[in-house]
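Take a look at the structure set out below.
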Amino acid sequence: MAENDISRPADFIREVVENDIKTKKYDSRVHTRFPPEPNGYLHIGHAKSICLNFGIARDYGGLCNLRFDDTNPEKEEQEYVNSILDSVRWLGFDFGPEALYASDYFDFMYKAAGYLITAGHAYVDSQTADEMRENRGTLTSPGKDSPFRGRSEEENLRLLREMRDGSHPDGSMVVRAKIDMASPNINMRDPALYRIKHADHHRTGGKWCIYPMYTFAHPIEDAVENITHSICTLEFEDQRPFYDWLLERLAEGGLLERPLPQQIEFARLNLSHTILSKRKLIQLVQEGHVSGWDDPRMPTISGMRRRGFTPEAIRNFCDRIGVAKRESLVDIALLEYCVREDLNKRAPRAMAVLRPLKVVIDNYPEGLTEELDAVNNPEDASMGTRKVPFSRVIYIEKDDFREAPPKEFFRLAPGREVRLRYAYYITCTGVIKDEKTGEITELRCTYDPKTKGGDSPDGRKVKATLHWVSARHTVAAEVRLYGYLLIKPDPADVEEGKDFKSLLNPNSLERLQSCHVEPALASAAQGSRYQFERLGYFCVDPDTSVDQLVFNRIVTLKDTWAKIEKAKKK
RNA sequence: UGGGGCGUCGACAAACGGCAAGUCAGGAGAUUUUGGAUCUCCCAUGUGGAGGUUCGAAUCCUCCCGCCCCAGCCA
């Protein structure tokens, strides 16, 4: 919201809303809605719309309805309704005691169709779908009137009743608005309003065998709920003339009261390296490319939630990307930034070694365990400290040792001294390898007892600080690392003749089975998030059981060294 | 070749006739017991192009170019 009087509204939609408040177009009322079709799970693109609609309601003291646009029983399911309810709540938005459903207005819609017929604004068409398509004309040529366009009011009304009563098979007829078959806007060439579908609906069951089209239903839903600003995406822009036409006709007939809602369109979100199309996401789930809707690689709300993203981070992201009419592809790095920004302040730190390398500290007493002090969050002193056990044998990260280090590498190497976080300075004195493979299996080191806690009394500096886990005290864990779903930034960047699945990243999931985490994590609660020092943010996955801890990597830390290495390769 | 939209930095995005904001990414440095975090600085002589109006144009006008959407009984 405006921080002071001189600031402008944050986007062009809020500009319209503020203006309508000023001119009292809706008696200074603001009422928006988020209208998902329950035919899939919500994703980050929906989050943008949710934040926009609920955000506007919040900013201007208005209301926002969560309304299911459930007008097509063939595609919709209760499972989707439940997941959507859950996702919206988790994102932190309050839609009152319950959600609303378009199907609750089916009686009114039926009545409205009858009225349109009576007023000469609609008719029942018995053309086949093919005939209708043929007679619709093309982008550059006008359509032709249906031979059934001139049916009498009585016949139309009778047919409408018969349609409702189930006397006609699917596809045999349709009710259409009577507007203008020559309109340059194809959406005005007598759009279909009702179709016959002998299908059970997840809420109304077998009550209906005709169902309203989106085109017809949506404006009515908005009007019935006294919506003021009906915010949707760009592809509906061409439908706005019909939206207004319909509502005007129904208002004329006294079925609706003015002022009528207005439709405003904005550009949907596109995110780099991922898919934001419901149809394609369904495909990923159904064809088993991912483990389910909540696979942590999915851009679904449930996937991101399981991965460990916070609602705060997602909301913040939605605020930062802005709202405009220009189609764009937002860099996923911005989402990651928002996640790090949030978690840096909130996530307690811990030490975990993902790819272990055994280190024996030769001059450290055997059998001794020291409890060392570690701070839980350097960003927030109120989060306190904890004890971390240290002993003679520890694990460090494989990546933290190089036998022949390049000059930019300042971690451990033969003869080199580094700090073990919160523990001691150690110096590498020996490298033990597997005789056959040549693989490094163990490091021998010595430590400097005077550097306990990680400071050297003589002011000696080391260039690196390593995280570690005491071998004797370690807790085993599985850690799942996630890469981008797609190998290319632009999901539309597909080769001729191939589809989006050719862009799927084969390495989007890596499961590390032999990780070591510090003992404090043994009882980590499902869903709790930690920063594993120097590695990233991690979240306890629901697959965790009494005998197996499972962590998801939410996002890495910013990694300057990785950047240097990558630059060197080129 | 109809109609509806949209073109400002690598990615988002402000500007409402008066000095092209901010954020992410990228680069340089400071600092640091996380190569994290933090801090400082750099990163558009120019807004798709060409004309025009104006003291003054990203903004107004004209023409052109490019991209997206619409021919479901999907939403």
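Just so it is clear: chains get the letters A, B, ... in the order the sequence lines come, proteins before strands, and each one is counted from 1.
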Using the salt bridge (Lys or Arg N to Asp or Glu O under 4.0 Å) criterion, which residues pair with [X]? Sequence neighbours excluded.
X: A:Glu76; answer: none
X: A:Arg133; answer: A:Asp130
X: A:Lys278; answer: none
X: A:Asp165; answer: none

Among all residues two or more places apart in sequence or in another chain, which pass the side chain to side chain donor-acceptor pair (under 3.5 Å) test with [X]?
X: A:Thr23; value: none
X: A:Arg189; value: none
X: A:Asp331; value: none
X: A:Tyr530; value: none

**Q.** B/S/- contact track for nucleotides 7-13 of chain B, protein heavy atom under 4.0 Å
**A.** SB--SSB
Would you state whether a donor and an acceptor, one from the side chain of [X] and one from the base of [N], lie under 3.5 Å apart?
X: A:Glu15; N: B:C16; result: yes
X: A:Asp559; N: B:G35; result: no
X: A:Glu379; N: B:U38; result: no

Ring centroid separation for [X] and [Y], is it under 6.0 angstrom?
X: A:Phe148; Y: A:Tyr123; answer: no
X: A:Phe551; Y: A:Phe538; answer: no
X: A:Phe317; Y: A:Phe309; answer: no

Q) So, A:Glu518 and A:Arg386, do they make that salt bridge, N to O below 4.0 Å? A) yes
Q. Has A:Tyr214 got its ring stacked on B:A75, by the test of a centre gap below 5.5 Å and a plane angle below 30°?
A. no
Q | Identified salt bridge (charged side-chain N to carboxylate O under 4.0 Å, His left out) partner of A:Glu341 from the options A:Arg346, A:Lys558, A:Arg320 | A | A:Arg320
Q) With Watson-Crick and G-U wobble geometry limited to distances under 3.5 Å, how should the secondary structure of RNA chain B be encoded in dot-bracket form, using | for bases paired to another strand and [ ] for crossing pairs? A) .((((((..(((.....[...))).(((((.......))))).....(((((..]....))))))))))).....
**Q.** Nearest listed nucleotide, side chain of A:Arg133, among B:G35, B:U34, B:G72
**A.** B:G72
Q.
Counting only heavy atoms and a strict 4.0 angstrom limit, can you tell me which residues of residues 68-76 of chain A come near RNA chain B?
A. A:Asp69, A:Thr71, A:Asn72, A:Lys75
Q) Of all of residues 172-188 of chain A, which get a heavy atom below 4.0 angstrom from RNA chain B, listed by number? A) A:Val174, A:Pro184, A:Ile186, A:Asn187
Q. Quick one: is B:G26 close enough that its OP1 or OP2 comes under 4.0 Å of any side-chain N or O from A:Lys563?
A. yes
